Number of protein chains: 2
Amino acid sequence: MLSKRAKYAIKTILFLKDRPEGKPISAKVISENENIPYKFLENILRELRTHRLIKSIRGSEGGYVLAKDPSEISIAQIMRIVDGPIALIPCISEKFYEACAECEDEQTCRIRKMFAEVRAEMVPILERPITAMDKEA
Amino acid sequence: MLSKRAKYAIKTILFLKDRPEGKPISAKVISENENIPYKFLENILRELRTHRLIKSIRGSEGGYVLAKDPSEISIAQIMRIVDGPIALIPCISEKFYEACAECEDEQTCRIRKMFAEVRAEMVPILERPITAMDKEA
DNA sequence: TATTATTCATACCTGTTTGATATGATATAT
DNA sequence: ATATATCATATCAAACAGGTATGAATAATA
Ligand code: FES
Ligand code: FES
């Protein structure tokens, strides 16, 4: 299941994508429109900023804008930033690799082989640009 | 990420699938061979049994056997039994539906639409029979 | 029938994660 | 100056994950 963090993050990115560029949107506005707890949202926004998905403008009249074209942002990116690995098992994750304690030999592990295939088919689904996913019906 | 429960459950199913039918396999044997904590495994086995994936034979010389043909068992089934929903958001899950508190209108929610598509593409991957996934290389 | 090997059931425990809040500093347009 | 923002860190309660403890029930077999 997707964490609230990830869900809120995706909602935030979509919200920013909808606004005309140039005018920064404040955390308060996002929070009220998307029903996201204000302080929790601030945390998420900071995380998205440090990972260069959004830019912030400080001070009065400040706020946030996308740091890249929406066509270059995917659900996978957002999930990795706020939730960590997408892979279903740690020994397969590329960005967050970790060995499996209870498996004798990673090279011959059947579970690992199964999930390598799952991952290979799953990641492209999540890596599509949000502009392709978020179509008007 | 897959929980340990799910991983252990899948390992167990594969282990049983490998054994010639007829002779039940004890929890102890599974535990030792797959490096799964014994008592934890007992919990998982019970869960798999109540959901009719395996059958148990009590008493001395007892143990567990698959309750259906391996070609009728999928990763998705196992995951649903031990971990719950596969869908990334609750408002999409068929077996574990729950409304999203912070979304105004489920019918028009864009996140929901996006993840409905993700789900539609993801579930078939996980619903393939384990006999198809677990090939000898 | 006593023993042993096993499943079955329930309850409990501990550390981590999740979702969220509190407090306050810093920056900037007006 | 003041109001409006972001930025940073710390804290917290509840839920969850992973695992353990205790013991009852069942059945093969010596
Ligand atoms: S090595 Fe990772 S699942 Fe076996
Ligand atoms: S209704 Fe479930 S994500 Fe919006």
Side-chain angles (χ1 to χ4, degrees), chain A residues 1-12 16 22-32 34-51 53-65 67 79 81-85 88-90 96 98 100-102, chain B residues 1-9 11-12 16 22-32 34-65 67 79 81-85 88-90 96 98 100-102:
Chain A
M1 279 282 218
L2 205 65
S3 71
K4 293 267 185 158
R5 275 185 94 77
K7 192 171 167 186
Y8 292 161
I10 295 170
K11 286 203 166 194
T12 296
L16 292 179
K23 327 177 194 170
I25 315 288
S26 73
K28 193 182 172 207
V29 167
I30 301 171
S31 163
E32 281 166 0
E34 297 292 341
N35 299 308
I36 304 173
Y38 178 74
K39 277 297 181 184
F40 194 29
L41 176 61
E42 274 195 325
N43 284 336
I44 297 166
L45 286 165
R46 184 145 20 86
E47 216 166 7
L48 292 175
R49 178 184 53 94
T50 60
H51 288 84
L53 243 53
I54 62 179
K55 275 187 287 201
S56 64
I57 295 90
R58 299 186 64 164
S60 186
E61 300 290 293
Y64 301 87
V65 290
M79 286 176 66
I81 289 172
V82 303
D83 273 2
L88 290 179
I89 41 178
F96 299 87
E98 233 174 303
C100 291
E102 83 285 0
Chain B
M1 278 283 218
L2 206 65
S3 70
K4 293 265 184 161
R5 276 185 94 77
K7 193 171 167 185
Y8 293 160
K11 287 202 167 193
T12 297
L16 292 179
K23 327 177 194 168
I25 315 288
S26 73
K28 193 182 173 209
V29 167
I30 301 171
S31 163
E32 281 165 3
E34 296 293 341
N35 299 309
I36 304 173
Y38 178 75
K39 277 297 181 184
F40 195 28
L41 176 61
E42 274 195 325
N43 284 335
I44 297 166
L45 286 165
R46 184 145 21 84
E47 217 166 4
L48 292 175
R49 178 184 52 93
T50 60
H51 288 84
R52 321 270 165 179
L53 242 54
I54 63 179
K55 276 188 287 203
S56 64
I57 294 90
R58 300 186 66 164
S60 186
E61 300 288 295
Y64 301 87
V65 291
M79 286 177 66
I81 289 172
V82 302
D83 273 2
L88 290 178
I89 40 178
F96 300 86
E98 232 175 303
C100 291
E102 83 286 359

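Keep in mind it's a predicted model, so treat the numbers as computed, not measured. A note on names: the letters A, B, ... follow the listed sequences, proteins ahead of strands, and every chain is numbered from 1.
- Within 4.0 Å (heavy atoms only), A:Ile57 reaches sugar-phosphate atoms of the nucleic acid but no base atom.
- In this model, the phosphate group of C:dA9 is approached by a side-chain N or O of B:Arg49 to a distance below 4.0 Å at OP1 or OP2.
- Distance alone, capped at 3.5 Å, places no donor-acceptor pair between the A:Ser26 side chain and the A:Gly63 backbone.
- The separation between B:Glu102 atom CD and C:dT18 atom C1' is 15 Å, rounded to whole Å.
- We find the CG-NE2 distance between B:Leu53 and B:His51 to be 9.5 Å, quoted to the nearest 0.5 Å.
- Atom SG in A:Cys100 sits 12.0 Å away from atom CG in B:Asn35 (nearest 0.5 Å).
- Looking at every heavy atom in both residues, A:Ile81 comes nearest to A:Glu47 through O-OE2, 3.6 Å.
- The separation between B:Met1 atom CE and C:dT18 atom P is 11 Å, rounded to whole Å.
- Counting to the nearest Å, the P atom of D:dT6 and the CG atom of A:Leu48 are 13 Å from each other.
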Just by protein heavy atoms under 4.0 Å, how would nucleotides 9-22 of chain D read 5' to 3' in B, S and -? B--------SBB-B
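- If you measure from atom CD1 of B:Ile54 to atom C1' of C:dT6, you get 14 Å, rounded to the nearest angstrom.
- Contact record, B:Leu16 with B:Val65: CD1-C, 4.3 Å, taken as the closest heavy-atom pair.
- No more than 12 heavy atoms of other residues, nucleotides or ligands lie within 6.0 Å of CD in A:Glu98, so this atom counts as exposed by the packing criterion.
- Across the protein-nucleic acid pair, B:Arg58 atom CZ and C:dT4 atom C1' stand 15 Å apart, rounded to whole Å.
- Along DNA chain D, the nucleotide nearest to A:Glu61 and the one nearest to A:Ser56 differ in position, and the one closer to the 5' end is contacted by A:Glu61.
- Distance OH (A:Tyr64) to P (C:dT28): 14 Å, rounded to an integer number of Å.
- Taking atom NZ of residue A:Lys55 and atom P of nucleotide D:dC7, one finds them 13 Å apart after rounding to whole Å.
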